[in-house]
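Reminder, nothing fancy here: chain letters follow the sequence lines and each chain counts from 1.
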Amino acid sequence: MASALRAAILGHLRVPVLANGSNLLTPLWIHRTTSVRSMSSHDDHLEKSQVIDRILDIVKSFPKVDPSKVTSEVHFQKDLGLDSLDNVEIIMAIEEEFKLEIPDKEADKIDSCALAIEYVYNHPLAS
Amino acid sequence: MSGAASYLMRRAAQKERVRILYRRALKDTLTWAVHRHLFYPDADALRERFDANKNVEDIETIDRMIADGESQYNKWRHPDPYIVPWAPGGSKFTRNPEPPSGIEIVYDYGREDH
């Protein structure tokens, strides 16, 4: 009896639903602007200055490199006089620093600080 | 001269193979030697092995050495290498994928039978 009454009442009531989701319907702990991405791992947005600082620190702390020559436009093999294997080592250090996994073919092409900074900055999962 | 060009192309391909081999071997060394104080001497030893053959000029010898190195790498590969979690093979890969756009949740609790 009560359930039939309830069903009849519910059949006649219509709660207005706004298309963008009103405060009545969304729980308060869901921040509306981040929607479904708030719980993914894709959220660490790095500033470009942070990226530049960290990459330059890595390159400066490499034992075969003279720290005073390192700028953000430096080419590893031409300006710093490094070997191609040293290049590989620097890229591995960058991968470890930013918790990235760079595919082999891409990693082969990263030859200078500028390229490294661009790659890391444009990578969605760099942290 | 097509001879010189093809020679240079072969050398360039070999250099790329060497770089990729060094990269994989270094990552493998890191997976095997988890503790940093063990990794550094091992990485140095690996670098020495690569540097010892740095000045070989004969193309056939280089090819043979690269094949040799790759087979050694295959022999020593770690069965459970460390892969960054979000990369394919890692533990977080496709764990929380973004739902396709345009899908919404319809909040109709209590009104399902209408």
Side-chain angles (χ1 to χ4, degrees), chain A residues 3-4 6-15 17-22 24-27 30 34-44 63-64 77 83-93 95-111 123-127, chain B residues 11-31 36 39-40 43-44 46-55 81-114:
Chain A
S3 61
R6 178 174 159 271
I9 290 179
L10 282 178
H12 287 289
L13 285 180
R14 281 287 176 265
V15 178
V17 175
L18 300 175
N20 59 355
S22 65
L24 295 173
L25 296 182
T26 59
I30 289 186
T34 52
S35 68
V36 290
R37 276 169 69 89
S38 58
M39 317 223 191
S40 76
S41 60
H42 297 229
D43 259 356
D44 267 347
K64 296 182 194 173
Q77 294 181 30
D83 206 2
S84 57
L85 297 185
D86 292 328
N87 201 349
V88 170
E89 286 181 14
I90 290 185
I91 295 175
M92 260 211 57
E95 276 191 349
E96 289 195 301
E97 164 79 17
F98 290 97
K99 299 186 206 149
L100 289 180
E101 180 89 12
I102 307 181
D104 288 340
K105 296 282 177 181
E106 302 276 325
D108 213 26
K109 294 185 192 130
I110 297 183
D111 249 352
H123 199 108
L125 295 168
S127 73
Chain B
R11 284 300 294 262
Q14 281 177 346
K15 287 180 188 173
E16 185 172 335
R17 275 175 80 185
V18 169
R19 285 199 293 265
I20 291 185
L21 177 63
Y22 181 59
R23 191 175 141 80
R24 291 191 183 158
L26 202 54
K27 284 193 172 170
D28 209 43
T29 318
L30 188 56
T31 334
R36 223 55 199 195
F39 167 66
Y40 286 131
D44 286 341
L46 179 70
R47 185 67 199 261
E48 292 298 314
R49 282 163 64 186
F50 271 80
D51 275 343
N53 302 327
K54 194 153 78 158
N55 295 320
Y82 172 72
I83 303 179
V84 172
W86 50 260
S91 56
K92 239 186 183 178
F93 183 52
T94 66
R95 186 179 271 195
N96 273 332
E98 259 184 78
S101 63
I103 290 195
E104 296 167 359
I105 304 180
V106 179
Y107 292 102
D108 64 346
Y109 303 122
R111 277 180 274 134
E112 292 95 341
D113 42 354
H114 298 285

Exercise. Would you sort out whether B/E16 and A/D104 count as a side-chain contact (heavy atoms from CB on, under 4.5 Å), showing the intermediate values?
Key: CA-CA 10 Å; B/E16 185 172 335; A/D104 288 340; over 6 Å; no
Practice problem: Please step through salt bridge (Lys or Arg N to Asp or Glu O under 4.0 Å) for the pair A/D108 and B/K15, ending with a clear verdict. | Solution: CA-CA 10 Å; A/D108 213 26; B/K15 287 180 188 173; over 6 Å; no
Exercise. First locate atom CZ of B/R23, then atom CD1 of A/I102, and finally report the distance between them rounded to the nearest 0.5 Å.
Key: 6.0 Å
Self-check item: Closest contact, heavy atoms only, A/K99 versus B/V84
Solution: O-CG1, 3.5 Å
Practice problem: With sequence neighbours excluded, tell me which residues meet ring-ring contact (aromatic ring centres under 6.0 Å, His included) with A/F98. | Solution: none
Practice problem: Decide if atom CZ of B/R49 counts as having more than 12 heavy atoms of other residues, nucleotides or ligands within a radius under 6.0 Å. | Solution: no
Self-check item: Side-chain ion pair, B/R19 and A/D83, N-O less than 4.0 Å
Solution: no
Quiz prompt | Minimum heavy-atom distance B/W86-A/L100, with the two atoms named | solution = CZ2-CA, 3.7 Å
Exercise. Check each atom of B/R24 against the heavy atoms of chain A and say whether the ones under 4.5 Å are side chain, backbone, both or neither.
Key: side chain
Exercise. Sort B/L26 into side chain, backbone, both or neither according to what part of it lies under 4.5 angstrom from a heavy atom of chain A.
Key: both
Exercise. Check A/M92 against B/L30 and note the closest heavy-atom contact, atom names and distance.
Key: CE-CD2, 4.2 Å
Exercise. Sequence neighbours left out, what passes side chain to side chain contact (heavy atoms under 4.5 Å, CB included) with B/P97? Give chain and number order.
Key: none
Quiz prompt | Considering all heavy atoms, the nearest A/L85-B/F50 contact | solution = CD1-CB, 3.7 Å
